[in-house]
Participant: 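Once you've had a glance at the structure underneath, I'll fire off some questions.
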There are 2 protein chains.
Amino acid sequence: MQLDQAKEKFIQTWGTLGSNWGINRTMAQVHALLLVSPEPLSAEDIMEQLTISRGNANMNIRALIDWGLVYKELKSGERREFFSAEKDMWKVFKQIAKERRKRELEPIFKVLNDISQVEGDPKDPNYQAFVQSIGGIQKFAGQADDFLSKVIKADEHWFFNTLLRFMK
Amino acid sequence: MQLDQAKEKFIQTWGTLGSNWGINRTMAQVHALLLVSPEPLSAEDIMEQLTISRGNANMNIRALIDWGLVYKELKSGERREFFSAEKDMWKVFKQIAKERRKRELEPIFKVLNDISQVEGDPKDPNYQAFVQSIGGIQKFAGQADDFLSKVIKADEHWFFNTLLRFMK
DNA sequence: TTTTATTTTCAATAATTTTTGAAAGTTTAA
DNA sequence: TTAAACTTTCAAAAATTATTGAAAATAAAA
């Protein structure tokens with residue numbers, strides 16, 4: 001396979017992967033493109049290589065920067081902005097975990113907490129099932145959150161070597 | 001808060017959560033409804049409670065069954081089918097991990113393997129960046145897969161107690 | 001300043017995904 | 001058998017989400 005084909009296939013695959021996980025396809029494609037580019041690219045470069053509009057490129061680049069997955073680079077003597085992606089997959093993973101934790105887990109805790117205050121007849125099976133189910137979810141979410149907070153701080157070598165070995 | 005409101009809020013929240021993770025909103029809502037129902041529900045019940053059409057209910061129930069998150073229950077003397085959800089969150093989590101691993105990780109390995117065979121000039125920085133980036137992703141994906149395969153087999157108590165303690 | 005280069009915004013449009021509902025299919029009971 | 005109860009399918013419609021492109025905003029250079 002030639003480089004161009006391989007690049008194209010990677011960008012498409014990464015885009016599909018993203019959309020399976022609730023991430024806009026183009027955003028994932030921009031990320032993929034930056035992942036395999038040796039040098040930072042300008043908005044123009046990205047527009048051309050992915051054949052997308054200026055507005056689309058801009059929005060998705062900004063979103064990637066918000067997620068902490070892409071960095072803005074300033075080249076001296078150059079007026080326009082250049083962008084590069086974090087290529088260390090462990091860092092990418094931790095950054096996504098961190099952001100999703102903040103953006104999603106936190107709001108869910110709030111809702112779970114609110115609805116677990118539900119009032120009702122303790123003899124009503126609907127009430128019982130509700131309280132029990134929400135309780136189970138709360139407990140799980142709390143444990144998952146503890147685990148995540150540790151993963152976010154962990155070092156890759158420790159995580160995959162030490163931990164994986166411990167897990168037998 | 002009253003039970004009906006709490007239920008409604010839970011169903012909406014679970015639906016939003018699902019769509020953030022690439023799962024159709026209605027599918028997540030059906031799952032939520034079954035999670036908080038003490039008794040299995042019929043398709044008719046689900047249609048009414050979520051005010052969705054028969055076709056929509058049917059499709060999403062089937063999808064949940066495919067994911068192994070919902071079970072079909074047969075009541076003797078009843079002709080229609082009833083459905084119930086797995087309420088143990090650890091099992092739910094493991095089931096989702098198992099399915100996504102099969103549906104997504106496996107195809108990605110295949111693509112990564114194909115494109116890592118790319119031919120090119122070892123002096124070309126584009127080629128170097130590509131090979132290196134894909135290599136890093138492959139390595140990470142392999143380790144993540146090993147980890148996942150262990151999680152899928154793990155017991156909840158062991159995972160959260162023993163492991164969480166070990167992670168300090 | 002004013003001009004020029006570049007980035008951002010956002011209403012309109014396009015593309016995609018989801019939902020509906022009626023018809024076809026299936027299964028059980030009479 | 002035939003009829004009734006229930007489930008599945010799928011083309012059309014609706015809803016949602018993403019994209020465009022041109023105008024407005026911003027920033028640097030002249």
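Throughout, protein chains are lettered first and strands after them, A, B, ... in sequence-line order, and every chain is numbered starting at 1.
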Participant: So for atom CE, which belongs to B:Met89, do other residues, nucleotides or ligands contribute more than 12 heavy atoms lying within a distance under 6.0 Å?
Facilitator: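 Yes - once you tally the heavy atoms of other residues, nucleotides and ligands closer than 6.0 Å, there are more than 12.
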
Participant: Starting at atom CD of B:Glu78, determine the distance to atom P of C:dT27, rounded to an integer number of angstrom.
Facilitator: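 Computing the B:Glu78:CD to C:dT27:P distance gives 18 Å.
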
Participant: Strictly under 3.5 Å: I want the nitrogen or oxygen pairs between protein and nucleotides 27-30 of chain D, one per line.
Facilitator:
residue: D:dA27; atom: N3; partner: A:Arg79; partner atom: NH2; Å: 3.3

Participant: In whole angstrom, what separates B:Ile46's CD1 from D:dT8's P?
Facilitator: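 Checked: the CD1 to P distance equals 12 Å.
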
Participant: Which heavy atom of B:Gln143 sits nearest a heavy atom of A:Leu164, and at what distance?
Facilitator: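 What the structure gives for the nearest pair is O-CD2, 4.4 Å.
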
Participant: Among all residues two or more places apart in sequence or in another chain, which pass the ring pair (Phe, Tyr, Trp, His ring centres under 6.0 Å) test with B:Tyr127?
Facilitator: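 For B:Tyr127 there are no ring pair (Phe, Tyr, Trp, His ring centres under 6.0 Å) partners, ignoring immediate neighbours.
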
Participant: Listed by chain and number, what are the side chain to side chain donor-acceptor pair (under 3.5 Å) partners of B:Asp145, not counting sequence neighbours?
Facilitator: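 With neighbours one apart ignored, the set is B:Arg101.
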
Participant: Residues in side-chain contact (heavy atoms from CB on, under 4.5 Å) with B:Pro125, at least two apart?
Facilitator: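 By the side-chain contact (heavy atoms from CB on, under 4.5 Å) rule, B:Pro125 matches A:Pro38.
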
Participant: Find every protein N or O atom lying less than 3.5 Å from an N or O atom of nucleotides 9-13 of chain D, and list the pairs.
Facilitator:
none

Participant: Starting from P on C:dT7, measure out to CD on A:Glu73 and report it in whole angstrom.
Facilitator: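 The answer, rounded to whole Å, is 14 Å.
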
Participant: Can A:Arg54 and A:Glu44 be counted as an ion pair, charged N to O under 4.0 angstrom?
Facilitator: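 Salt bridge flag = yes for A:Glu44 with A:Arg54.
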
Participant: Quick test of your reading: applying side-chain hydrogen bond (donor to acceptor under 3.5 Å, both in side chains), list the pairs with at least one residue in residues 65-89 of chain B, sequence neighbours left out, ordered by first then second residue.
Facilitator: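 Sorted result for residues 65-89 of chain B: B:Arg62-B:Glu81, B:Tyr71-B:Glu86, B:Lys72-B:Glu81, B:Glu73-B:Ser84, B:Glu78-B:Arg80.
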
Participant: Charged N to carboxylate O under 4.0 angstrom, B:Glu99 versus B:Arg103?
Facilitator: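 Yes, this pair counts.
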
Participant: If you only use heavy atoms from C-beta on, which nucleotide in C:dT7, D:dT19, C:dT18 is closest to the side chain of A:Asn60?
Facilitator: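 Nearest nucleotide to the side chain: D:dT19.
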
Participant: Would you mind reading off the distance between B:Ile61 atom CD1 and D:dT7 atom P, rounded to a whole angstrom?
Facilitator: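 In whole Å, D:dT7 P lies 8 Å from B:Ile61 CD1.
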
Participant: To the nearest Å, give me how far apart CE (A:Met47) and P (D:dT20) are.
Facilitator: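 Atom-to-atom, A:Met47 to D:dT20, this comes out as 9 Å.
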
Participant: Any side-chain N or O of A:Asn24 under 4.0 Å from OP1/OP2 of D:dT19?
Facilitator: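 Yes, such a contact exists.
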
Participant: In whole Å, what is the span from the CG atom of A:Leu50 to the C1' atom of D:dT20?
Facilitator: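 From A:Leu50 CG to D:dT20 C1': 15 Å.
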
Participant: How about A:Glu104 and B:Trp21: do any of their side-chain heavy atoms sit closer than 4.5 Å?
Facilitator: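 They are in contact (side-chain heavy atoms under 4.5 Å apart), so the answer is yes.
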
Participant: Under 4.0 angstrom, heavy atoms only, what part of the nucleic acid is B:Glu81 near: base, sugar-phosphate, or nothing?
Facilitator: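 The answer is sugar-phosphate, as B:Glu81 gets under 4.0 Å only of primed atoms, P, OP1 or OP2.
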
Participant: For A:Ile23 and C:dT16, what is the distance between atoms CD1 and P respectively, to the nearest whole Å?
Facilitator: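 The distance from CD1 of A:Ile23 to P of C:dT16 comes to 19 Å, rounded to the nearest Å.
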
Participant: Of A:Arg80 and A:Ser19, whose closest DNA chain C nucleotide lies nearer the 5' terminus?
Facilitator: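 Mapping each residue to its closest nucleotide by heavy atoms, the 5'-most match is A:Arg80.
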
Participant: Can you measure B:Ile52 atom CD1 to D:dA15 atom P for me and round it to whole angstrom units?
Facilitator: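 Taking atom P of D:dA15 as the reference, CD1 of B:Ile52 is at 16 Å.
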
